[in-house]
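To keep things clear, I will list the structure first and then write my remarks on it.
The figures here come from the full heavy-atom set of this structure, side chains too, leaving out hydrogens, waters and symmetry mates.
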Amino acid sequence: MTATLLPAPAAQAHRDPNVLRWLAAYTSSTLGDSVYYLALSWAAVQSGTPAQAGLVMAVSALPRAVLMLGGGVIADRFGPRRVVIGSDAVRCAAVLAAAALLFLTSPGLWPLALLALVFGTVDAVFIPAVGALPARLTEKGQLARVQGLRGLAIRFASVVGAPLGGLGVALGGAAAAFALAGLLIAVSVPLLLRVRIRDLPTAEGAGNTTAWSDLVAGLAYVRRHRVLAPLMVAIALGDLGFVGPLNVGLTLLADRRGWGAFGMGWVLAGFGVGAGAASLLLTVRGRLPRAGLVVGCACAAGSVAVGALAFVPTLPAAVGTALLVGLLAGLSGALCGALLQTQSDPARLGRVTAVASLVSLGLTPLSMPFAAAAIGAFGLGPVYVVSATVCGLGGVVALAVPALRRAELPG
């Protein structure tokens with residue numbers, strides 16, 4: 001697939017038809033992911049015990065974590081658009097095959113586990129390519145807007161995906177939900193084929209080096225980079241301190257405060273609104289001055305809000321605090337994404353994205369069982385304080401490293 005050269009766009013990213021085609025493709029694919037995970041969990045619960053269903057849901061995590069760095073090499077070697085299109089095609093075929101199998105028979109857990117394994121393996125290639133693609137869509141000065149648009153798409157998919165998947169299950173069972181997920185992912189392919197990309201260099205190997213040497217070179221590049229290396233540490237600390245309290249602690253907090261599932265839903269909605277507002281701010285404004293400084297301040301302030309969640313006495317106060325957490329976390333996350341893309345050598349962006357994704361998606365889920373065990377042993381308050389401290393250390397790193405603190409976004 002040959003790349004079409006894209007002249008520097010006169011329009012801002014959120015008004016650029018080329019970027020909007022990419023956004024539509026990304027939104028459709030992300031929405032399909034949300035429906036797929038709901039369909040998989042429903043089918044697994046219907047086919048086995050809750051413990052077995054949990055194992056099926058976890059199957060995709062291992063290959064995604066193990067193969068993520070290799071996926072970054074593939075994205076750099078072959079170009080992110082080609083990899084995203086191929087990955088979406090494979091994911092679509094796998095999900096539609098599962099839908100057909102469920103329409104025809106009751107296959108049990110093994111085919112579902114195989115689907116999860118295939119999906120997770122392809123995700124290891126898909127995720128770095130998705131992260132590397134925006135830099136080839138528009139000029140550097142518009143990448144903060146692109147990150148804002150991407151954040152809005154993620155929020156939309158998280159809000160709409162579950163009800164849409166539930167509607168599919170209600171109308172035709174897991175098979176219908178899988179079919180819907182496959183069709184949503186399929187919609188992204190023709191849209192991506194119409195997306196024009198900028199002529200940026202691919203991996204330095206170009207057939208002259210091995211994939212292993214490309215991987216080693218990419219890791220060394222991140223380790224030596226004055227901005228990317230501390231940024232990875234800040235991302236890791238921020239996510240480690242954030243994921244446990246939000247995913248595990250919030251459920252226990254709502255139960256102990258007597259808010260129930262309804263109250264927890266409102267708190268999560270507050271977080272979603274805050275994160276969506278941050279994405280909208282970047283989409284409209286385009287960039288914020290002193291991006292590295294803003295990342296550090298947002299992480300530090302967000303850590304205080306995370307710690308405060310354990311001590312708010314009423315549901316409205318918890319919703320307001322969660323909104324603040326979402327706003328600060330969404331702002332720092334989008335700016336981190338924009339800094340990754342603008343500070344990286346385009347030829348290594350797939351591998352840089354893979355490292356960042358592995359740090360976030362591969363390591364931070366480990367905090368959840370530890371958070372649950374610690375809450376059981378020490379209570380909510382102390383664990384939230386420790387988590388907030390870890391999250392705040394991410395902000396300290398961003399503020400303490402001069403190269404990161406002074407990092408700017410082009411504009």
Side-chain angles (χ1 to χ4, degrees), residues 9 11-20 22-24 26-27 30-31 130-131 133-135 137-160 227 231 234-235 238-239 242 246 266-306 308-309 318-343 356 360 391-392 394-395 398-399 404-411:
Q12 295 173 331
H14 61 300
R15 296 171 180 168
D16 182 354
N18 190 59
V19 172
L20 294 178
W22 161 82
L23 180 65
Y26 181 74
T27 303
T30 306
L31 192 57
V130 164
L133 188 55
L137 299 176
T138 187
E139 57 191 13
K140 282 190 173 184
Q142 294 297 318
L143 284 175
R145 275 198 171 94
V146 172
Q147 288 300 116
L149 291 169
R150 187 179 178 187
L152 289 174
I154 292 171
R155 291 297 135 211
F156 175 80
S158 65
V159 171
V160 176
V227 174
L231 185 59
I235 291 171
D239 284 350
F242 176 76
L246 188 68
W266 272 106
V267 176
L268 289 174
F271 168 77
V273 169
S279 297
L280 184 61
L281 171 65
L282 279 181
T283 300
V284 175
R285 185 174 174 82
R287 63 184 290 273
L288 295 176
R290 305 294 297 274
L293 179 62
V294 173
V295 166
C297 292
C299 284
S303 68
V304 176
V306 167
L309 265 176
V319 173
T321 304
L323 190 149
L324 182 61
V325 171
L327 178 65
L328 295 169
L331 186 60
S332 62
L335 288 175
C336 283
L339 284 171
L340 286 174
Q341 294 185 25
T342 56
Q343 295 287 329
S360 182
C391 186
L399 294 173
L404 177 53
R405 184 178 67 247
R406 297 169 185 159
E408 290 278 7
L409 293 175

Q) At what distance, to the nearest 0.5 angstrom, does CD of Gln343 lie from NZ of Lys140? A) 7.5 Å

Q. At their closest point, which heavy atom of Thr138 faces which heavy atom of Val146, and how far apart are they?
A. CG2-CG2, 3.8 Å

Q: Write down the atom of Pro410, the atom of Thr342, and the distance for their closest heavy-atom approach.
A: CD-CG2, 3.7 Å

Pairs of donor and acceptor atoms involving the side chains of residues 147-157, under 3.5 Å and at least two apart or interchain, shall be tabulated with distances.
unit_1 : atom_1 : unit_2 : atom_2 : d
Gln147 : OE1    : Gln341 : NE2    : 2.9
Arg150 : NE     : Tyr26  : OH     : 3.1

Side-chain donor-acceptor pairs under 3.5 Å in residues 290-300, sequence neighbours left out?
none

Q.
For a quick test of reading the model, state the closest non-hydrogen atom pair linking Leu143 to Pro134 and the distance between them.
A. CD2-O, 3.5 Å

Q | Leu309 to Ala322 - nearest heavy-atom pair and separation | A | CD2-N, 4.3 Å

Identify every side-chain donor-acceptor pair in residues 329-339 under 3.5 Å, counting partners at least two apart or on other chains, and give the distances.
unit_1 : atom_1 : unit_2 : atom_2 : d
Ser332 : OG     : Leu328 : O      : 3.2
Ser332 : OG     : Ala329 : O      : 3.1

(Q) Just verifying a value: how many Å separate Arg145 CZ and Leu409 CG, rounded to the nearest 0.5 Å? (A) 12.0 Å

Q) What distance do Leu23 atom CG and Thr27 atom OG1 have between them, rounded to the nearest 0.5 Å? A) 4.0 Å

